[in-house]
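Since the structure is predicted, the reported quantities are computational estimates derived from the model, not experimental observations.
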Amino acid sequence: MKADPEEEKKVRIQAERYLVKNFEDKTEIYDVLYNNMGNCNYFEYATKVKHKKYGTKFLVYFNDETGEMEDTFLSEK
């Protein structure tokens, strides 16, 4: 079970747009998580993001159940 580079690229692009729209402060995408074991039922790929001001690491992903981009910033903070 290997990650698809095209899907990783797609989730990065979606996350970049989401971050610009939803976070005024600087954030940095530093990796992509491939949910190949099915640990999370609502996404297959997620970007790993670090908030530069707070140092909080969180995920940004497309939620398959809601059909929207979401993040885990508040729960991680």
If I take atom [atom1] from residue [X] and atom [atom2] from residue [Y], how far apart are they, to the nearest 0.5 angstrom?
| X | Y | atom1 | atom2 | answer |
| --- | --- | --- | --- | --- |
| Asp4 | Glu44 | CG | CD | 8.5 Å |
| His51 | Lys57 | NE2 | NZ | 14.5 Å |
| Thr47 | Asp31 | OG1 | CG | 9.5 Å |
| Glu76 | Tyr54 | CD | OH | 16.0 Å |

Report yes if the side chains of [X] and [Y] come closer than 4.5 Å at any heavy-atom pair, otherwise no.
| X | Y | answer |
| --- | --- | --- |
| Glu70 | Val60 | no |
| Leu33 | Phe43 | yes |
| Phe62 | Val11 | no |
| Leu59 | Lys48 | yes |

Legend entry - side-chain hydrogen bond (donor to acceptor under 3.5 Å, both in side chains) assessment of Glu68 paired with Asn63: CA-CA 6 Å; Glu68 296 181 10; Asn63 186 322; over 6 Å; no
Inset, instruction - For residues Ala3 and Pro5, report the shortest heavy-atom separation together with the two atoms involved. - result: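 Closest approach of Ala3 to Pro5, heavy atoms only: O-CD, 3.5 Å.
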Inset, instruction - Specify whether Phe58 and Phe73 have parallel, tilted or perpendicular ring planes, treating 30° as the upper limit for parallel and 60° as the lower limit for perpendicular. - result: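 Because their plane-to-plane angle is over 60°, the rings of Phe58 and Phe73 count as perpendicular.
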Inset, instruction - Determine, using the 4.5 Å side-chain heavy-atom cutoff (strictly less than), whether Leu74 and Tyr61 are members of one ILVMFWY cluster. - result: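 Result: no, two separate clusters.
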Inset, instruction - In sequence, state the C-alpha distance, the side-chain angles, and the governing distance for Lys10 and Tyr45, and then conclude on side-chain contact (heavy atoms from CB on, under 4.5 Å). - result: CA-CA 9 Å; Lys10 180 180 171 183; Tyr45 290 88; over 6 Å; no
Only pairs under 3.5 Å count here: list side-chain donor-acceptor contacts from residues 14-22, not counting sequence neighbours, and write none if there are none.
residue	atom	partner	partner atom	Å
Tyr18	OH	Asp71	OD2	2.4
Asn22	ND2	Tyr18	O	2.9

Legend entry - Exercise: do Tyr34 and Glu8 side chains pair donor with acceptor under 3.5 Å: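 No donor-acceptor contact under 3.5 Å links the two side chains.
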Legend entry - Partner set under side-chain contact (heavy atoms from CB on, under 4.5 Å) for Glu28, not counting sequence neighbours: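 Testing Glu28 for side-chain contact (heavy atoms from CB on, under 4.5 Å), a comparison that skips the adjacent residues, returns Lys52.
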